[in-house]
Amino acid sequence: MQLLLYILLYPILYLISILPFKLFYLFSDIICFLVYRVVGYRKKVVRENIALALPLLSKKERLDIEKKFYSHMCDMFLEMIKTMTISKKEIQKRFKITNLDVYLELEKKNKSIALLCAHYASYEWLISMNYYIHYKGYGIYKKIANTYFDRLVHKIRSKFKANLITTKESIKVMEYNQRNNILGIYGFASDQSPKYSHRMHWYQFMGIETPIHIGAELLAKRLNMNVVFLKTKKIKRGYYEATLEIMTEDARSIPNYEISEAFIRKVEEQIYEAPEYYLWTHKRWKHKKS
């Protein structure tokens, strides 16, 4: 069944990826109409999340964010498909890093780097960063259930010199690299809800007490990594700019949880600036503190 689904869908995905951008975004508008107006994909979750996180806005303002979010979400997921065939020149034109020199200076410290980012704007086209760096780039992701699509994702990323490791593999790979003096940059999208545990760390995110991920911080301390935050802005449709901010060059000296909490505050700043580009479909505030 997995192979059949892959055989049926792959030609469609490929045809979408080779569409000229004008037709590509017209197709995204059609998909958005179906997803938002017809299917109503996770509309209840999105509406509840926006109301929770932005309670001071009027109903009309929240509805406006909701509509813009669905348009952006469809663009973003189709842009993921576009990476199948997009050229190096095109993706470099559409996803720019404003201060790459900050990162390159960190490489001279001869320490691996933990890159923290949010599910905001385009976290997918960040893979183009691998064209500029000297370290080995790793993206930590959740394995796709369909083995064939999982292989496809790996194949696409390898075109951008990116290495994908699953959340289960991540610690083993990082420890191996450290033992063998392999310097790497590891991408953590750590803004969403962690798996429930009695040892979760709770913190205010968008004014709501909720558990937050601390894995990136723990690994940065354990493996003595520098920590940077990637702030991404959507300039216009299909164009993004990312700015790197150094969070610490001495993670072990920072009191526990401060790096994770500082990361959450930076994510909040992004959301307040332009909330329509955050991934509102995730049940971010599902855990309640007893």
Side-chain angles (χ1 to χ4, degrees), residues 79-80 82-141 151 153-167 169-190 215-233 235 239-254 259 262-263 266:
E79 286 164 1
M80 289 167 65
K82 191 71 174 171
T83 56
M84 291 175 68
T85 57
I86 197 169
S87 68
K88 176 181 177 180
K89 183 180 178 182
E90 190 68 44
I91 200 169
Q92 286 178 322
K93 182 176 78 174
R94 290 175 173 273
F95 191 96
K96 294 182 180 293
I97 300 172
T98 63
N99 60 341
L100 193 66
D101 55 311
V102 169
Y103 168 79
L104 295 175
E105 281 299 311
L106 272 186
E107 280 196 346
K108 295 176 184 177
K109 311 284 184 180
N110 290 316
K111 289 167 65 174
S112 287
I113 298 167
L115 184 146
L116 276 57
C117 64
H119 289 84
Y120 184 90
S122 177
Y123 47 89
E124 180 66 24
W125 281 356
L126 171 60
I127 54 172
S128 63
M129 185 178 176
N130 287 285
Y131 286 132
Y132 308 104
I133 67 177
H134 305 106
Y135 280 11
K136 201 167 182 179
Y138 294 88
I140 300 167
Y141 84 115
R151 286 178 191 165
V153 170
H154 276 265
K155 184 180 177 181
I156 294 168
R157 296 301 175 276
S158 65
K159 184 176 80 170
F160 295 92
K161 302 178 183 178
N163 301 275
L164 287 187
I165 49 176
T166 66
T167 48
E169 298 169 328
S170 56
I171 296 175
K172 188 186 294 184
V173 171
M174 290 180 202
E175 289 180 338
Y176 173 86
N177 286 349
Q178 189 187 47
R179 286 195 305 270
N180 292 276
N181 298 314
I182 299 169
L183 295 168
I185 175 168
Y186 304 94
F188 295 86
S190 300
E217 175 182 342
L218 294 176
L219 285 166
K221 291 184 175 204
R222 182 171 166 181
L223 302 175
N224 195 27
M225 293 192 283
N226 288 327
V227 184
V228 296
F229 174 71
L230 186 90
K231 180 178 181 179
T232 308
K233 285 186 176 182
I235 305 305
Y239 289 85
Y240 305 88
E241 279 187 357
T243 303
L244 293 155
E245 301 174 10
I246 297 175
M247 295 186 71
T248 180
E249 294 183 47
D250 186 10
R252 288 172 174 170
S253 70
I254 307 296
I259 294 172
F263 165 69
K266 288 179 180 294

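Please read all numbers here as calculations on a predicted model, not as lab measurements.
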Query raised in the report: Within a strict 4.5 Å, meaning less than it, do heavy atoms of the Leu106 and Glu249 side chains meet?
Result: yes

**Report entry** Leu219 versus Ile171, closest heavy-atom pair with distance
**Finding:** CD2-CG1, 4.0 Å

Query raised in the report: OH of Tyr131 to CZ of Phe95: how many Å apart, nearest 0.5 Å?
Result: 13.0 Å

Query raised in the report: In Å and rounded to the nearest 0.5 Å, what is the OG1 to CD distance from Thr98 to Glu241?
Result: 6.5 Å

Query raised in the report: Can you check whether Val227 reaches Phe263 side chain to side chain, under 4.5 Å on heavy atoms?
Result: no

Query raised in the report: Can you name the residues that form a side-chain hydrogen bond (donor to acceptor under 3.5 Å, both in side chains) with Tyr132, not counting sequence neighbours?
Result: Gln92

Report summary line: Taken to the nearest 0.5 Å, the spacing of Leu244 CG from Leu104 CG works out to 9.5 Å

Query raised in the report: Can you find a heavy atom in the side chain of Ile246 that is under 4.5 Å from one in the side chain of Asn226?
Result: no

Query raised in the report: Can you tell me if OH on Tyr239 sees more than 12 non-hydrogen neighbours from other groups inside 6.0 Å?
Result: yes

Query raised in the report: Would you call Glu90-Lys93 a salt bridge at under 4.0 Å N-O?
Result: yes

Query raised in the report: When rounded to the nearest 0.5 angstrom, what is the spacing between CD1 in Ile185 and CE in Met225?
Result: 10.0 Å

Query raised in the report: Should we say atom NZ of Lys233 is surrounded by more than 12 heavy atoms from elsewhere, each under 6.0 Å from it?
Result: no

Query raised in the report: Can you name the side-chain contact (heavy atoms from CB on, under 4.5 Å) partners of Met80, sequence neighbours left out?
Result: Phe77, Glu124

**Report entry** Pair Lys172 + Glu169, salt bridge at N-O below 4.0 Å
**Finding:** no

Report task. Measure the shortest side-chain to side-chain distance between Lys231 and Glu245 over non-hydrogen atoms and say whether it is less than 4.5 angstrom. Result -> yes

Requested in this report: Determine the minimum heavy-atom distance between Ala216 and Leu116, stating which atoms define it.
Outcome: CB-CD1, 4.0 Å

Query raised in the report: Less than 4.5 Å apart, any side-chain heavy atom of Leu126 and any of Leu115?
Result: yes

Requested in this report: List in chain and number order the residues that pass side-chain hydrogen bond (donor to acceptor under 3.5 Å, both in side chains) with Lys89, two or more places apart in sequence or in another chain; answer none if no residue qualifies.
Outcome: none

Report summary line: Met247 and Ile259 have their tightest heavy-atom pair at CE-O, 3.5 Å

Query raised in the report: For the atom pair CD (Gln178) and CG (Asn224), what is the distance rounded to the nearest 0.5 Å?
Result: 7.5 Å

Requested in this report: Taking the side chain as every heavy atom from C-beta outward, state whether Thr232 and Tyr123 have any atom pair closer than 4.5 Å.
Outcome: no

Query raised in the report: Given the rule in the side-chain contact (heavy atoms from CB on, under 4.5 Å) test, do Tyr103 and Ile113 qualify, once you have shown the distances and angles that lead to the verdict?
Result: CA-CA 9 Å; Tyr103 168 79; Ile113 298 167; 3.4 Å; yes

Query - Side-chain touch Glu217/Ile254, heavy atoms, less than 4.5 angstrom - result: no

Query raised in the report: Can you name the one residue among Thr167, Leu164, Ile165 that meets side-chain contact (heavy atoms from CB on, under 4.5 Å) with Tyr141?
Result: Leu164

Query raised in the report: Which atom pair, heavy atoms only, marks the closest approach of Ala114 to Ala220?
Result: CB-CB, 4.5 Å

Query raised in the report: Taking only residues at least two apart or on different chains, which pairs with a member in residues 180-189 satisfy salt bridge (Lys or Arg N to Asp or Glu O under 4.0 Å)?
Result: none

**Report entry** Any residue meeting side-chain hydrogen bond (donor to acceptor under 3.5 Å, both in side chains) with Arg222, in chain and number order, not counting sequence neighbours
**Finding:** Glu175

Report summary line: Rounding to 0.5 Å, atoms CG (Asp250) and NZ (Lys221) come to a distance of 9.5 Å

Query raised in the report: For Asn177, what residues pass the side-chain hydrogen bond (donor to acceptor under 3.5 Å, both in side chains) criterion, not counting sequence neighbours?
Result: Tyr138, Tyr186

Report summary line: What one should report as the nearest heavy-atom pair of Trp125 and Glu79 is NE1-O, 3.2 Å

Query raised in the report: Got Ile91 and Phe160 here, is their nearest side-chain heavy-atom distance under 4.5 Å?
Result: yes

